[in-house]
Amino acid sequence: MVRLFSITALVTCHLSLFTSCSDFLDKEIEGNATDETFYDTRYKMQTALNATYDVLQSDQYNDQEWRFGEAIADNIIGTDEGMSSQMGQLVNFRFNTSNTWIRSRWEINYKGIHRANQVIANIHRVKIADNAPATYQGIRYLLAQAKFLRAYYYFNLVKTFGGVPIRPETETVENFVIPRSTREECYAYIEKDLREAAIMLPAAYPNSADAGRVTLGATVGLLMKVIMYQAVPGVPSEKWEQLRQLGEYFVDGEQMKFKDILQFEGSEADFEALRQRLWFKPADISGESETVETPESNLPPLKGVYSLEYRDYYNQPLHGGDKWAYAYQWYADGEFCKGSVFEVVFKESADGTNGDTNEGAGIDHFDNVAMYCTNDIIAQLFGSDVRRQFLIFHQTTTPDGETWQGGEGRGVSLKWYTPRKDKPKYAGDNGRNRRIMRYPEIILMYAEALNECGDREGALTQLNVCKAQVNTINNGTTLYTAGSYGFIRDQIWQERRMEFAFEWDRFFDLVRQHQAARVIKAYGAGRANRRGFFFREGVNEVFPIPQNEIDLSNGVVEQNPGY
């Protein structure tokens, strides 16, 4: 399984520091690698790509991910909700435009974008020793992964801030100040990256050492989510139709052609130019026995690559197939399991090194409680659903026999637990991977699209495919039932909430469902500290652009309304 190492060769000036970097950028650096030589081999380009993945492993990235995706929503109570802290102000929606965590989210995602841009802008510099199809394929895979990662970082920004500046691939002093693009322009940019990456990537890599790298499945899955975030529930649109078509390809096994996913309508010459830009072997030097892709070429099939069953990388039942198999999806036994579409790789250093030089996961909310549930939240979230058993309360026992002492009345998710056999030797050095996208989300996005496109029966079928798998935990028989459009939609949303609880996505799901104000204000009304009650509808669905970005741009970057 791949270890994605960080590098220090890509030292750049941060976007918010452009006024202090001009002297450095104007100087000619002698005796060091330049863009002309640093990116001239596939190995060097791989190193640059690893640096792009590295952002996902950083403490800064993960520290803001759980705060925005989970801590400000209605599934948990935080241990830091007082108004005296930056975190408390964030979760209470009573922050100012200089909030530390808002700025951190902006900065770390742009750091990832900058690194992805280095790969994309310089991939043409790679020198090849031969014209073998495998040579082009290897470089094409690097470019596709960078495009996916850039799209992913921009998606994080757009769903947090709305339209943001689209940074040029090559940074200069003259283009450091970029105005915001619209939300629609940003989504079009993200989609273009993902659609192009999709035709470049394999459904799976033949070598297990590449597990953790972006695949076709991860790319199509993210494209589905990006499209879903643009569609409006209850409003028929082309986006819902596009999402349905992608679900038919991913889940049902329908063929999808290059021209369909690319939305390509150009000429033969246009397509050949696209092929060469994306590192397909040029048609004019391809041999008779070599494949020359056309708009009519089919994407590799994805049906059967993933599964809802709780099985490991080698297709063996997790934890012997017993009732705890569901929880073991998140542990070392479940890394790259059949339900994992994309996950971030972490590696324990085992020498006491921690922080970003280690890349051990900074996501332990079990022993170091940052968020927890109470019985009233669990009852509202799960009702009688069997997944409620995958929370552990004070002085109760984990699947491997560890008694948790987390505080009276507190419950935490076993998704945040590290089994005793996997615990790191040193604190803060956890090698447990983080699951970003799982196959149930693919199924439920497809179900939602079917319902929005008028196929309630098909939507219910997909919804119950997920529920039937959950029933295997305790041999249950309960399934969702037929009904109107709104009834089916609400069941899908409830299933999403239960299945993806505590996976750092709840707030953004509420926003795209147009439920955030109602749900979060109701949550706040029932809490002693009123956390969430001050959510402002029409304002707090997105966060303010960090004030330092506004100031340093001299107003070129405009603030969101209401801030």
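Residues take their numbers from the sequence shown, with the count starting at 1.
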*Does the side chain of Val344 come within less than 4.5 Å of Leu56's, by heavy atoms?*
yes

*Residues in salt bridge (charged side-chain N to carboxylate O under 4.0 Å, His left out) contact with Glu169, at least two apart in sequence or another chain*: Arg150

*Under the side-chain contact (heavy atoms from CB on, under 4.5 Å) test, which residues partner His514, sequence neighbours left out?*
Val232, Pro233

_With sequence neighbours excluded, residues passing ring-ring contact (aromatic ring centres under 6.0 Å, His included) with Phe342_ = Phe148

*Of the non-hydrogen atoms in Ala283 and Val292, which two are nearest, and what is the gap between them?*
CB-CG1, 3.9 Å

*Identify, with sequence neighbours excluded, every residue that meets salt bridge (charged side-chain N to carboxylate O under 4.0 Å, His left out) alongside Glu441.*
Lys225, Arg496

*For Glu272, all residues meeting salt bridge (charged side-chain N to carboxylate O under 4.0 Å, His left out), sequence neighbours excluded*: Arg275

*Can you name the side-chain contact (heavy atoms from CB on, under 4.5 Å) partners of Ser104, sequence neighbours left out?*
Gln60, Gln64, Trp101

*Could you verify whether a donor N or O on one side chain and an acceptor N or O on the other, from Trp279 and Gln137, lie under 3.5 Å apart?*
no

*For Tyr328, ring-ring contact (aromatic ring centres under 6.0 Å, His included) partners two or more places apart*: His319, Tyr331

*So does Glu296 have more than 12 non-hydrogen atoms from other groups sitting under 6.0 Å from CD?*
yes

*Describe, in one word, how the ring planes of Tyr439 and Phe250 are oriented to each other, choosing from parallel (under 30°), tilted (30 to 60°) and perpendicular (over 60°).*
tilted

*Among all residues two or more places apart in sequence or in another chain, which pass the salt bridge (charged side-chain N to carboxylate O under 4.0 Å, His left out) test with Glu495?*
Arg387

*Does a donor on one side chain and an acceptor on the other come within less than 3.5 Å for Glu238 and Gln242?*
yes

*Knowing that exactly one of Glu335, Glu343, Glu503 qualifies, which makes a salt bridge (Lys or Arg N to Asp or Glu O under 4.0 Å) with Arg435?*
Glu343

_Sub-4.5 Å side-chain heavy-atom contact between Asn430 and Glu348_ = no

*With a 4.0 Å cut-off, would you call Arg512 and Glu448 a salt bridge?*
yes

_Tell me whether Glu107 is salt-bridged to Lys111, with the criterion being a basic N under 4.0 Å from an acidic carboxylate O._
no

_Side-chain ion pair, Asp54 and Arg115, N-O less than 4.0 Å_ = yes

*Pick out which of Phe543, Tyr110, Trp106 makes a ring pair (Phe, Tyr, Trp, His ring centres under 6.0 Å) with Phe161.*
Trp106

_Partners passing side-chain contact (heavy atoms from CB on, under 4.5 Å) against Asn175 (at least two apart in sequence or in another chain)_ = Pro168, Glu171, Thr172, Ile178

_Any residue meeting side-chain contact (heavy atoms from CB on, under 4.5 Å) with Ser181, in chain and number order, not counting sequence neighbours_ = Ile166, Glu185, Cys186

*Over 12 foreign heavy atoms within 6.0 Å of CD, Glu558*: no

*Check whether any side-chain heavy atom of Pro282 sits under 4.5 Å from a side-chain heavy atom of Tyr136, and report yes or no.*
yes

*Are Glu254 and Lys303 within salt-bridge range, i.e. N to O under 4.0 Å?*
no

*Heavy-atom distance under 4.5 Å between the side chains of Leu201 and Arg213, does that happen here?*
no

_Using the side chain to side chain donor-acceptor pair (under 3.5 Å) criterion, which residues pair with Tyr446? Sequence neighbours excluded._
Asp252

*Provide the full list of ring pair (Phe, Tyr, Trp, His ring centres under 6.0 Å) pairs with a residue in residues 192-232, sequence neighbours left out, each pair given once.*
Tyr141-Tyr205, Phe155-Tyr229

*In terms of ring plane angle, is the pair Tyr61 and Tyr152 parallel, tilted or perpendicular, where the classes change at 30° and 60°?*
tilted

*asked:* When you measure from the centre of the six-membered ring of Phe502, is the NZ or CZ of Lys415 closer than 6.0 Å and no more than 45° off the axis?
replied: no

_With a 4.0 Å cut-off on N to O distance, would you call Arg277 and Glu196 a salt bridge?_
yes

